[in-house]
Asker: 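Could you have a look at this structure, given as C-alpha cells, before my questions?
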Amino acid sequence: MQDKSTVLTSAFEQEVYDGLTAQPKYLSSKYFYDEIGDKLFQDIMAMPEYYLTDSEFSILDRHKEKIASIFNFDKEPFSLFELGAGDGKKTKILLRHFSEKDIDFDYRPIDISQNALDQLEASVTKELPNVEINTLQGTYFETLANIGESHAKRKVILFLGSNIGNLLHPQAISFLQSMQEVLNDDDLIFMGFDQKKNPQTILDAYNDKTGITEAFNKNVLTRINTEMNGNFDLDKFLHWEVYDPETGTAKSYLVSKENQTVYIKSLDLEVNFKAWETIHTEISQKYDDEVVTWLANEAGLQIENQFSDEHEFYKNYIFKKKIQ
Ligand code: AVI
C-alpha cells in the first residue's frame with residue numbers, strides 16, 4: 001500500500017490511485033489519449049464499424065446549405081468556435097461551403113494541444129486560403145470562460161463527434177450549462193449526439209474484430225506502465241463492451257482474466273485483481289430526442305433545429321439560449 005511519503009504529482013496519478021483503490025475499480029477514458037491513443041482514435045474513426053464519423057460527415061454534407069442559412073441568418077459577421085477540433089476533416093465541409101458562398105465569418109478552433117492546432121491551421125490555410133483562422137489553446141472550460149459574452153461578433157459554437165456521450169448526464173448538463181453561460185441571445189450551439197439504434201450496430205462499433213478499440217481501451221494501462229512505472233500485463237485483461245438499450249448507455253471495461261497483482265511504482269501502490277474483476281473505463285451514451293430535449297432544458301437551452309443522416313443513426317442539434 002501507498003505510504004504517507006508518496007506524493008501524487010498530477011491529476012492523472014491522483015485519479016489512477018482513486019480509481020484502482022475504489023470498489024468497483026474505474027479509470028477515466030480521458031486518459032486514453034496520448035500520441036498513441038490519438039492515433040488509435042484516428043484509426044477507430046476510419047473503421048467501417050464506427051458509423052459515427054461517416055454519419056456526421058454525411059449530415060454536414062447533405063445539410064450544409066440549410067446549416068449555412070441558419071448560422072448566417074442575419075447576414076452579419078460571426079465567429080465559428082469549435083471545441084476539440086482535431087484534424088478538422090468534418091468541419092472543413094462547412095468551412096469550404098461558407099467560403100464558396102462568401103459568408104463573413106472567422107474560424108476559431110479550441111484545443112488543449114498546440115500541436116493539433118498548428119497542424120489544423122496549416123491545413124486550413126493551405127486548402128481554404130480565404131478562411132480566416134484564429135486558434136485558441138486551452139481547455140474547453142477556460143477558453144469558453146474567456147470568450148465570455150464580450151466577444152464582439154455573434155458566436156456559433158461547434159461540438160462534433162458525440163463527444164458529449166463520454167459524460168454522464170449530470171456532467172453533460174453542467175457542460176451544456178457552461179456553454180449556455182457564454183451565449184448571447186442570437187448565439188448558437190451546433191452539437192452531435194449519437195442516437196439509440198439496433199444494439200448490435202452499437203456493440204460492433206465498440207468491439208471491432210481487428211482489435212483497434214481493444215488497444216485504445218488498454219492504452220490507459222500502457223500509459224500507467226510508461227508514465228507511472230507500472231507493470232500491467234495487457235494480455236491478462238479482456239476488452240469488454242456492454243450496451244443497455246433501455247438507458248442508451250454503452251460501457252467499456254477491462255476485465256482481469258485471472259487473480260493477479262499489479263504494482264505501480266510511482267504511486268507505491270499494489271493493486272490486487274480477482275479473476276473476472278472489472279475496471280470500468282468509458283461510457284459512450286446514445287440519445288433520443290426526449291433525452292436531448294431534457295438535457296438542453298436542464299441547461300437553459302432550447303432546440304432550434306435538428307439534422308439527421310439517412311439511417312437516423314446520428315443527429316446534429318442546434319441550440320439557443322432558452323427564452324425565459
Ligand atoms: C470520443 N468519443 C466520442 C468516442 C466514443 O464513441 O465514445 C471514443 C471511443 N471509444 C471507443 N471508440 C471510440
Side-chain angles (χ1 to χ4, degrees), residues 26-57 59-60 82-91 109-113 116 139-140 158-169 171-172 175-176 190-223 237-245 247-255 278-287 291-292 295 309 311 313-317:
Y26 64 88
L27 291 168
S28 167
S29 61
K30 65 177 180 247
Y31 297 115
F32 290 172
Y33 302 87
D34 61 353
E35 216 173 297
I36 297 169
D38 289 350
K39 169 75 176 72
L40 286 165
F41 185 53
Q42 296 289 334
D43 294 345
I44 286 173
M45 288 194 291
M47 298 185 324
E49 298 91 331
Y50 194 73
Y51 59 83
L52 287 81
T53 312
D54 286 348
S55 304
E56 194 165 46
F57 207 88
I59 292 172
L60 297 176
E82 181 167 21
L83 307 183
D87 64 3
K89 205 168 148 202
K90 285 180 287 193
T91 317
I110 299 169
D111 208 291
I112 188 86
S113 155
T139 66
Y140 299 162
L158 299 183
F159 192 50
L160 304 180
S162 200
N163 286 322
I164 193 156
N166 297 131
L167 302 178
L168 295 164
H169 287 324
Q171 299 170 330
F175 180 68
L176 288 168
F190 183 87
M191 205 182 259
F193 289 79
D194 194 20
Q195 300 289 299
K196 289 180 179 172
K197 60 185 65 62
N198 185 330
Q200 193 59 55
T201 308
I202 293 169
L203 285 174
D204 291 346
Y206 290 90
N207 195 15
D208 58 290
K209 292 195 174 56
T210 44
I212 300 171
T213 310
E214 175 183 349
F216 184 57
N217 193 8
K218 288 184 177 177
N219 195 46
V220 66
L221 303 185
T222 308
R223 286 195 63 190
F237 288 86
L238 280 179
H239 164 69
W240 197 257
E241 190 69 25
V242 296
Y243 174 65
D244 177 351
T247 59
T249 310
K251 284 174 145 190
S252 303
Y253 293 93
L254 292 164
V255 184
T278 52
I279 311 174
H280 170 45
T281 51
E282 186 177 50
I283 77 151
S284 298
Q285 183 64 38
K286 308 304 162 198
Y287 300 90
V291 174
V292 175
L295 291 173
D309 62 297
H311 307 292
F313 276 2
Y314 192 96
K315 283 188 184 177
N316 288 91
Y317 296 80

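Remember, it's 1-based here, ligands and their atoms both numbered in the order they're listed. By convention here, the first residue in the shown sequence is residue 1. Predicted model, so just to flag it, every value in this text is computed and none were measured.
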Asker: Under 4.0 Å from a heavy atom of Y33: which atoms of ligand 1 are those, numbered in the order shown and with their elements?
Answerer: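 Answer for ligand 1: 1 (C), 8 (C).
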Asker: Hey, which of E56, K197, H311 is the one that makes side chain to side chain donor-acceptor pair (under 3.5 Å) with Y51?
Answerer: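 Going through E56, K197, H311 one by one, the side chain to side chain donor-acceptor pair (under 3.5 Å) with Y51 is satisfied by K197 alone.
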Asker: Quick one: which ligand 1 atoms are inside 4.0 Å of a heavy atom on G161?
Answerer: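 Reading through ligand 1 atom by atom, the close ones are 3 (C).
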Asker: Measure the distance from atom 8 (C) of ligand 1 to every protein heavy atom, then report the residue, atom name and distance (to 0.1 Å) of the closest one.
Answerer: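 The closest one turns out to be E282 OE2, 3.4 Å.
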Asker: Do ligand 1 and T213 have nitrogen or oxygen atoms that lie under 3.5 Å from each other?
Answerer: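 It does not: no N or O of T213 is found under 3.5 Å from an N or O of ligand 1.
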Asker: Between Q42 and D38, do the side chains contain a donor N or O and an acceptor N or O under 3.5 Å apart?
Answerer: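 There is no such pair between these side chains.
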Asker: When only distance counts, is S162 in polar contact with ligand 1, meaning an N/O pair under 3.5 Å?
Answerer: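 Not met; the criterion fails.
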Asker: Between F175 and F159, does the ring centre distance come in under 6.0 Å?
Answerer: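 Yes - the distance between ring centres of F175 and F159 falls below the 6.0 Å cut-off.
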Asker: Provide, to 0.1 Å, the distance between atom 1 (C) of ligand 1 and the closest protein heavy atom, together with that atom's residue and name.
Answerer: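 Of every protein heavy atom, N163 OD1, 3.2 Å lies nearest to atom 1 (C) of ligand 1.
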Asker: Taking atom NZ as the centre, does K196 end up with more than 12 heavy-atom neighbours from other residues, nucleotides or ligands that are less than 6.0 angstrom away?
Answerer: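 It does: K196 NZ has more than 12 such atoms within range.
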Asker: Distance only, no hydrogens: is a donor on one side chain within 3.5 Å (strictly under) of an acceptor on the other, for Y314 and D54?
Answerer: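 Not at all, the side chains of Y314 and D54 share no donor-acceptor pair under 3.5 Å.
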Asker: Do side-chain atoms of N219 reach the backbone of T222 as a donor and acceptor pair under 3.5 angstrom?
Answerer: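 Not confirmed, N219 side chain does not pair with T222 backbone.
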Asker: So, F41 versus F32, ring centres under 6.0 angstrom or not?
Answerer: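 No, ring centres 6.0 Å or more apart.
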Asker: Which ligand 1 atoms does F41 reach within 4.0 Å, using its non-hydrogen atoms?
Answerer: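 In order of number, 1 (C), 4 (C), 8 (C), 13 (C).
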Asker: What protein heavy atom is closest to atom 7 (O) of ligand 1, reported as residue, atom name and distance in Å?
Answerer: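 So the nearest neighbour among protein heavy atoms is S284 OG, 2.7 Å.
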Asker: Going by the atom numbers of ligand 1, which of them fall below 4.0 Å from some non-hydrogen atom of Y50?
Answerer: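 Answer for ligand 1: 4 (C), 5 (C), 6 (O), 12 (N), 13 (C).
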Asker: I'd like to check which ligand 1 atoms, numbered from 1 as shown, lie under 4.0 Å from a non-hydrogen atom of Y206.
Answerer: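 Every atom of ligand 1 under 4.0 Å from some heavy atom of Y206: 5 (C), 6 (O), 7 (O), 10 (N), 11 (C), 12 (N), 13 (C).
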Asker: Can you label the angle between the Y317 ring and the F193 ring as parallel, tilted or perpendicular, going by 30° and 60°?
Answerer: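 Judged by the thresholds at 30° and 60°, the geometry between Y317 and F193 is perpendicular.
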Asker: Just going by heavy-atom distances, which of L52, N166, I202 is nearest to atom 3 (C) of ligand 1?
Answerer: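 Looking at heavy atoms only, N166 sits closest to atom 3 (C) of ligand 1.
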